[in-house]
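All remarks here apply to the structure that follows.
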Amino acid sequence: MRTLFKDDNAFTGLEAAIVLIAFIVVAAVFSYVILGAGFFTTQKSQEVVHTGVQQASSSMEVIGNVYGIAEDSTSKESGTSAHLQYIKFTIGNTAGGTALDVSKMVVTYTDPEIRSPDIKYVTGDEATATTLVEASRTMDGKTDTTMGKWCILEKVNANDDTILEPGEQFIIGVSTPGTAKVNVPFTVNLQPSVGAVFALKRTAPAGIYPVNILY
């Protein structure tokens, strides 16, 4: 009669191998998840940094002087005017700056008496100095129709679109209200669709002539 002996050695080794493989698989999956989350976090951090730099920097700069224009109400005796009708200045891209759509720029005007938070952008036949002078006569910053107007008066080395590209220059005109009188400080903010606000802080001169360099 044969005697049967019970031996679990083979089963114990197989079970240990299964458990070991399971641990390896779980560790591999866990490592993949951790690495994926780390890469995702790194990418998001890079996006935040790049976006922050883009928003904090400006791709636009003023080239040359800022001029205050007073075309009407000029006194024949003194040759001076009561106030500025509009200002004009030339803008271009900064070194290494990206192209920007000037038509999407938000322009605001502020002085001690008036604030126009969203001056209207005009194009076509309205984009003239005469339009800016007419807007100056009614500009008081109280309603949408009296916020004033701004436009591209002229383009230098540029095509017909409103995209300010490297090497191009746009001459911008912004109407100013009747409060832009002698020795009155004012600020014109240029807010592009992407980038930081560019602030033009100037003071109307002690004597306002038809053309004035503003400081």
Test side chain to side chain contact (heavy atoms under 4.5 Å, CB included) on Phe170 and Thr90 and set out the steps. CA-CA 6 Å; Phe170 290 176; Thr90 303; over 6 Å; no
Test side-chain contact (heavy atoms from CB on, under 4.5 Å) applied to Pro177 and Met139, Glu113, Gln85, the passing residue: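 Answer after filtering Met139, Glu113, Gln85: Met139.
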Which atom pair, heavy atoms only, marks the closest approach of [X] to [Y]?
| X | Y | result |
| --- | --- | --- |
| His83 | Ser136 | CE1-OG, 3.8 Å |
| Ser116 | Gly141 | OG-CA, 3.3 Å |
| Ile152 | Ala127 | O-CB, 4.0 Å |
| Ser175 | Tyr86 | CA-CB, 3.7 Å |
| Pro205 | Leu214 | CD-CD2, 3.7 Å |
| Ala204 | Lys181 | CB-O, 2.8 Å |

Backbone N/O of [Y] and side chain of [X]: donor-acceptor pair under 3.5 Å:
| X | Y | value |
| --- | --- | --- |
| Asp140 | Lys142 | yes |
| Glu154 | Ile171 | no |
| Thr108 | Asp118 | no |
| Thr94 | Glu61 | no |

Using the rule that two of Ile, Leu, Val, Met, Phe, Trp, Tyr join whenever any of their side-chain heavy atoms come within less than 4.5 Å, decide whether [X] and [Y] are in one cluster.
| X | Y | result |
| --- | --- | --- |
| Ile69 | Val122 | no |
| Val66 | Val184 | no |
| Val211 | Ile213 | yes |
| Val133 | Met147 | no |
| Val62 | Leu84 | yes |

For Thr143 and Thr145, test the side chains for any donor-to-acceptor distance below 3.5 angstrom and give the result as yes or no.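 Per modelled atom types, Thr143 and Thr145 side chains form a pair under 3.5 Å.
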Spacing of [X] atom [atom1] and [Y] atom [atom2] [to the nearest 0.5 Å]:
| X | Y | atom1 | atom2 | result |
| --- | --- | --- | --- | --- |
| Asn65 | Phe89 | CG | CZ | 13.0 Å |
| Lys201 | Thr110 | NZ | OG1 | 10.5 Å |
| Cys151 | Lys120 | SG | NZ | 12.0 Å |
| Ile119 | Leu190 | CD1 | CG | 9.5 Å |

Answer yes or no: does atom [atom1] of [X] have more than 12 heavy-atom neighbours from other residues, nucleotides or ligands under 6.0 Å?
| X | atom1 | answer |
| --- | --- | --- |
| Asn159 | CG | yes |
| Lys155 | NZ | yes |
| Asn183 | CG | yes |

Which is it for Leu100 and Met105 under the side chain to side chain contact (heavy atoms under 4.5 Å, CB included) test, yes or no, and what are the steps along the way? CA-CA 9 Å; Leu100 58 92; Met105 186 167 60; 5.5 Å; no
Can you check side chain to side chain contact (heavy atoms under 4.5 Å, CB included) on Val188 and Trp150, steps first, answer last? CA-CA 11 Å; Val188 174; Trp150 75 275; over 6 Å; no
Between [X] and [Y], is any pair of side-chain heavy atoms under 4.5 Å apart?
| X | Y | value |
| --- | --- | --- |
| Tyr109 | Val107 | no |
| Arg202 | Ile87 | no |
| Ile172 | Val102 | yes |

Is there a side chain to side chain contact (heavy atoms under 4.5 Å, CB included) between Leu153 and Leu132 once you walk through the steps? CA-CA 10 Å; Leu153 291 172; Leu132 300 179; 4.2 Å; yes
